Protein chains: 2
Amino acid sequence: MVVASATTRSREEQIHGAIRAAGGRLTGPTRAVVGVLVESDRHLTADDLIAEIDRTYPGIAPSTIYRVLMRLDELGIVEHVHSGTSPAFYHLRERGHAHLVCNECGRIIDIPDSMFSQLAHTVEQAYDFTVEPRHAAILGRCAACRS
Amino acid sequence: MVVASATTRSREEQIHGAIRAAGGRLTGPTRAVVGVLVESDRHLTADDLIAEIDRTYPGIAPSTIYRVLMRLDELGIVEHVHSGTSPAFYHLRERGHAHLVCNECGRIIDIPDSMFSQLAHTVEQAYDFTVEPRHAAILGRCAACRS
DNA sequence: GTGCTTGCAAAGTTTTTGCATCGCT
DNA sequence: AGCGATGCAAAAACTTTGCAAGCAC
């Protein structure tokens with residue numbers, strides 16, 4: 001069972017404020033998506049969200065969840081990250097961080113943007129290309145799977 | 001019109017040799033996939049390949065092309081690269097290089113693996129995670145789209 | 001009240017799978 | 001000849017879209 005702590009409660013309201021400030025409407029499905037994202041505080045695929053919302057706030061259509069995610073992404077409330085073969089995952093936008101994804105077990109590791117700085121700088125100089133480190137995960141193999 | 005030059009011809013035969021050496025069979029569809037990859041010498045999505053092969057070597061089933069690509073990938077003849085929302089693209093494996101993909105125009109830029117070396121090293125040290133730089137593109141924005 | 005959102009259901013896109021047949025080695 | 005590869009067609013996985021009804025502001 002999902003229990004909202006005082007902390008997540010205030011976090012949720014803070015995000016509601018941000019949505020209003022960005023010109024978004026606080027509809028039921030939007031609250032549900034934000035609620036699950038705040039509560040789980042993990043990286044969830046659209047499918048994860050659909051399943052979890054179906055348990056917690058039944059009656060919301062999958063298509064609506066896709067649309068809410070798209071809207072919140074545009075409003076800058078959430079971000080999505082591409083991770084190879086598996087579908088993109090979503091998370092609340094917070095202090096920018098990039099991701100490592102293990103090709104074998106799918107484990108997701110958060111890393112600071114700063115680790116990209118040298119690569120980003122080199123690429124900018126050499127190719128006049130601005131890297132968006134948070135938009136795609138770096139793939140590889142985690143220690144456990146490298147056995 | 002597609003014309004096989006002496007150069008691509010030998011390149012093709014060289015790859016045929018590599019396929020045999022790796023234990024792969026040189027079937028019609030396999031030759032077709034290699035032929036298109038050598039001839040175009042670009043980064044093609046599975047769909048690009050299906051369309052191009054349908055023009056050049058009609059009668060090959062899409063599912064077969066997916067299977068051939070999977071096999072050649074396992075044999076180490078081709079590599080696929082994930083690039084955000086758009087489908088993965090395939091290319092012949094050659095001197096290792098990574099890719100930048102523009103989120104706006106889709107342009108693909110090849111960059112040397114070496115640009116990853118510092119990031120890879122840092123990540124290895126800090127998270128015991130081995131980066132595979134060629135398996136996912138770095139997303140961002142190219143000069144033309146950054147207007 | 002107005003215009004953005006939703007639910008439903010249908011269609012789209014991309015990739016995978018089952019199975020009998022075929023063909024490379 | 002043997003065993004993997006192929007073609008076909010159906011299914012799967014994941015998203016998107018059209019439209020009438022509903023709801024936030």
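Below, read A as the first sequence line, B as the second, and so on, with proteins coming before strands; counting in each chain starts at 1. Since this is a predicted model, take the numbers as computed values, not measurements.
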task = Take the protein atom CG of B:Asp73 and the nucleotide atom C1' of C:dT15, then report the distance between them rounded to whole Å.
result = 15 Å

request  = Decide yes or no for A:Val123 and B:Ile138: does some side-chain heavy atom of the first lie under 4.5 Å from some side-chain heavy atom of the second?
outcome  = no

ask   = Centres of the B:His135 and B:His80 rings: under 6.0 Å?
value = yes

query = Counting side-chain heavy atoms from C-beta on, which of C:dT25, C:dG7, C:dC4 comes nearest to A:Arg25?
reply = C:dC4

task = May I ask you to decide if the ring planes of A:Phe89 and A:His43 are parallel, tilted or perpendicular, using 30° and 60° as cut-offs?
result = perpendicular

query = How long is the line joining OH of A:Tyr90 and P of D:dT15, in whole Å?
reply = 7 Å

query = In whole angstrom, what separates A:His80's NE2 from D:dC14's P?
reply = 16 Å

ask   = Do the ring centers of B:His82 and B:His99 come within less than 6.0 Å of each other?
value = no

query = Less than 3.5 Å between a donor and an acceptor, one on the side chain of B:Arg67 and one on the base of D:dG7, is that the case here?
reply = yes

message = Using a 4.0 Å heavy-atom cut-off, does B:Gly59 contact any base of the nucleic acid, only the sugar-phosphate backbone, or nothing at all?
response = sugar-phosphate

message = Whole angstroms only, please: what is the NE2-P distance between B:His16 and C:dC24?
response = 13 Å

query = Ignoring hydrogens and angles, are the base of C:dC4 and the side chain of A:Thr27 linked by a donor-acceptor pair under 3.5 Å?
reply = no

Integer-rounded Å distance: C:dT14 P and B:His82 NE2 = 16 Å

request  = Report yes if at least one side-chain N or O of A:Tyr66 is closer than 4.0 Å to OP1 or OP2 of D:dT16; otherwise report no.
outcome  = no

note = Assert: residue with more 5' nearest nucleotide on DNA chain C, out of A:Pro29 and B:Gly28, is A:Pro29

message = From C-beta outward on A:Ala61, which listed nucleotide comes closest to its side chain: C:dT25, D:dT6, C:dC8?
response = C:dC8

query = Among C:dT6, D:dT17, C:dT16, which is the nearest nucleotide to the side chain of A:Ser63?
reply = D:dT17

ask   = Which atoms form the tightest heavy-atom contact between B:Arg71 and B:Thr30, and what is the distance?
value = NH1-OG1, 3.9 Å

ask   = Nearest-Å distance, OH (A:Tyr57) to P (C:dG7)?
value = 14 Å

request  = Figure out the CZ/C1' separation between A:Arg31 and C:dT6, and round it to whole Å.
outcome  = 15 Å

request  = Examine D:dT6: is either OP1 or OP2 under 4.0 Å from a nitrogen or oxygen in the side chain of B:Arg71? Give yes or no.
outcome  = yes

inquiry  = I want to verify a distance call: between C:dT15, D:dA5, C:dT25, whose nearest atom is closest to the B:Pro87 side chain?
reply    = C:dT15

request  = Let me know the distance between CD1 of A:Ile65 and C1' of C:dT5, rounded to the nearest Å.
outcome  = 14 Å

